[in-house]
Q: 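Sharing a structure, written as structure tokens. Questions coming.
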Number of protein chains: 2
Amino acid sequence: MTNVSRALTALADPTRRTIFERLAAQPCAVGALARGLPVSRPAVSQHLKVLKEAGLVIDTPDGASRVYRIDPRGIGAIRHWLDQFWTDALDSFAAFAESKTKEDDKP
Amino acid sequence: MTNVSRALTALADPTRRTIFERLAAQPCAVGALARGLPVSRPAVSQHLKVLKEAGLVIDTPDGASRVYRIDPRGIGAIRHWLDQFWTDALDSFAAFAESKTKEDDKP
DNA sequence: GCGATACGTTAGTCATGACTTACCGTAAGT
DNA sequence: ACTTACGGTAAGTCATGACTAACGTATCGC
């Protein structure tokens with residue numbers, strides 16, 4: 001399983017996306033994160049584990065607490081993966097659109 | 001469920017990612033697509049339905065066949081969503097890295 | 001040292017979804 | 001018209017994973 005595969009799988013879950021977005025806005029500890037979510041704290045811990053293994057977040061011990069923040073490399077990996085198709089997709093779409101217009105000229 | 005949500009959910013599945021990547025390389029019909037995959041043709045049809053509802057692919061009838069191609073808008077939506085966090089993530093990471101180096105100076 | 005707080009982990013439950021088989025509609029070839 | 005190829009849909013099975021409750025560990029304040 002590649003990093004991109006793990007990252008996409010991680011971001012597919014709505015709860016994990018919410019966690020990810022909140023961490024993007026502001027680094028946060030697990031408890032504070034769970035208090036603002038409709039799920040239990042262990043659930044948040046498990047989600048953070050998945051996000052961490054996907055390279056999307058980093059954790060830093062801070063006393064008894066533990067602060068989580070965004071890891072730019074995770075986002076970068078997905079961006080890079082998408083960019084592989086971006087130009088191809090635009091070309092393919094442009095060719096398709098043109099063939100469409102030519103077809104419309106026929107009648 | 002937003003478009004980005006659907007797109008991320010769609011690309012989380014390995015089989016759908018393979019289909020998506022093959023369509024990015026070359027537009028293709030359902031049968032030809034299924035022949036190169038370890039799953040049945042109905043399964044491919046179901047995956048294509050998900051990818052289509054996510055705005056990631058477009059289908060065009062071609063006689064008895066039906067050609068699927070990449071829809072750039074789907075990729076664009078994910079890129080735009082990621083870019084929301086990109087700069088924030090870099091800033092956050094830079095600040096974190098700096099606080100780390102200062103901490104290393106202490107001892 | 002002791003209670004309290006903050007996290008991670010485990011075990012177990014339950015729902016989601018990926019897959020196959022069977023079936024039905026549609027378009028091209030003979 | 002009949003047959004063949006292409007593709008979407010329905011029903012049913014099975015595995016994955018999201019969640020909770022309970023437990024164990026480490027850190028801070030008294």
Side-chain angles (χ1 to χ4, degrees), chain A residues 1-23 26-71 103, chain B residues 1-23 26-71 103:
Chain A
M1 205 178 188
T2 74
N3 292 337
V4 175
S5 175
R6 269 191 284 263
L8 287 172
T9 303
L11 291 179
D13 183 77
T15 304
R16 271 196 298 262
R17 263 201 309 277
T18 302
I19 292 176
F20 182 74
E21 292 175 356
R22 297 209 181 171
L23 289 182
Q26 178 190 25
C28 191
V30 181
L33 213 48
R35 243 166 273 134
L37 290 172
V39 296
S40 69
R41 185 193 52 74
V44 175
S45 260
Q46 292 167 0
H47 283 311
L48 286 171
K49 183 180 182 180
V50 175
L51 288 170
K52 182 181 175 182
E53 289 175 350
L56 288 166
V57 302
I58 315 175
D59 61 325
T60 311
D62 177 29
S65 184
R66 181 170 284 265
V67 177
Y68 282 82
R69 30 174 62 81
I70 296 285
D71 187 345
E103 186 176 303
Chain B
M1 204 178 187
T2 73
N3 292 338
V4 175
S5 176
R6 269 191 285 261
L8 288 173
T9 303
L11 292 180
D13 183 76
T15 303
R16 268 193 303 259
R17 263 201 310 277
T18 303
I19 293 177
F20 182 74
E21 293 174 355
R22 298 209 180 171
L23 289 183
Q26 177 190 25
C28 192
V30 181
L33 213 49
R35 245 167 271 133
L37 289 172
V39 296
S40 69
R41 185 191 51 74
V44 175
S45 259
Q46 292 166 2
H47 283 310
L48 286 171
K49 183 180 182 181
V50 175
L51 288 170
K52 181 181 176 182
E53 289 174 349
L56 287 166
V57 302
I58 314 174
D59 60 325
T60 311
D62 177 30
S65 183
R66 181 169 284 265
V67 177
Y68 282 82
R69 31 173 61 81
I70 296 287
D71 187 346
E103 186 177 303

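Proteins come first, then strands; the chains are lettered A, B, ... in the order of their sequence lines, and each starts at number 1. Only heavy atoms go into these numbers, but all of them, side chains included; no hydrogens, no water, no symmetry mates.
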Q: Rounded to the nearest Å, what distance is computed from the NZ atom of residue K49(B) to the C1' atom of nucleotide dG7(D)?
A: 13 Å
Q: Between G63(A) and P38(A), just flag the one whose closest nucleotide in DNA chain D comes earlier from the 5' side.
A: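 Closer to the 5' end of DNA chain D: P38(A).
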Q: Does Y68(B) put a side-chain nitrogen or oxygen below 4.0 Å from OP1 or OP2 of dG8(D)?
A: yes
Q: Could you state the CZ-P distance from R35(B) to dC6(D), rounded to the nearest angstrom?
A: 6 Å
Q: For A12(A), does its backbone N or O pair with a side-chain atom of R17(A) as donor and acceptor, under 3.5 Å?
A: yes
Q: With a 4.5 Å cut-off on side-chain heavy atoms, are C28(B) and R22(B) touching?
A: no
Q: Report yes or no: is there a donor-acceptor pair, N or O only, under 3.5 Å between the side chain of R16(A) and the base of dG17(D)?
A: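 Check fails, no donor-acceptor contact within cut-off.
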Q: Among the nucleotides dT10(C), dA18(C), dT21(C), which one has an atom lying closest to any side-chain atom of D13(B)?
A: dA18(C)
Q: Please tell me if S40(B) has a side-chain N or O lying less than 4.0 Å from either OP1 or OP2 of dT20(C).
A: yes
Q: Provide the closest heavy-atom pair for A10(B) versus R16(B) in the form atom of the first, atom of the second, distance.
A: O-NE, 2.7 Å
Q: Measure the distance from CZ on R6(A) to P on dT16(D) and round it to the nearest whole Å.
A: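 Spelled out: CZ on R6(A) to P on dT16(D) is 17 Å.
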Q: Just the rounded figure in Å: distance from P of dC19(C) to NE2 of H47(B).
A: 4 Å
Q: Could you state the CD-P distance from E53(A) to dT9(C), rounded to the nearest angstrom?
A: 9 Å
Q: Looking at every non-hydrogen atom in both residues, tell me the closest pair between D71(B) and I58(B) and how far apart they are.
A: CB-CG1, 3.5 Å
Q: Begin from the C-alpha positions of L33(B) and L48(B) and carry the test side chain to side chain contact (heavy atoms under 4.5 Å, CB included) through to its verdict.
A: CA-CA 10 Å; L33(B) 213 49; L48(B) 286 171; 4.2 Å; yes
Q: Would you mind reading off the distance between L48(A) atom CG and dA6(C) atom P, rounded to a whole angstrom?
A: 16 Å
Q: With a cut-off of less than 4.0 Å, is there a side-chain N or O of S65(B) near OP1 or OP2 of dG7(D)?
A: yes
Q: So, under a plain 3.5 Å distance rule, would you say the side chain of R41(B) forms a donor-acceptor pair with the base of dG7(D)?
A: yes
Q: As a test of reading the structure: which of dT10(C), dC19(C), dA6(C) is closest to the side chain of Q46(A), going by heavy atoms?
A: dT10(C)
Q: What is the distance, to the nearest angstrom, from the CG atom on L33(B) to the P atom on dG8(D)?
A: 11 Å
Q: Select one nucleotide: of dT20(C), dC7(C), dC6(D), the one nearest the side-chain heavy atoms of S45(A).
A: dC7(C)
Q: Taking only the side-chain heavy atoms of A64(A) (C-beta and beyond), determine which of dT9(D), dT21(C), dT27(D) contains the nearest atom.
A: dT27(D)
Q: Starting from C1' on dG17(D), measure out to CG on L8(A) and report it in whole angstrom.
A: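 It works out to 17 Å between those atoms.
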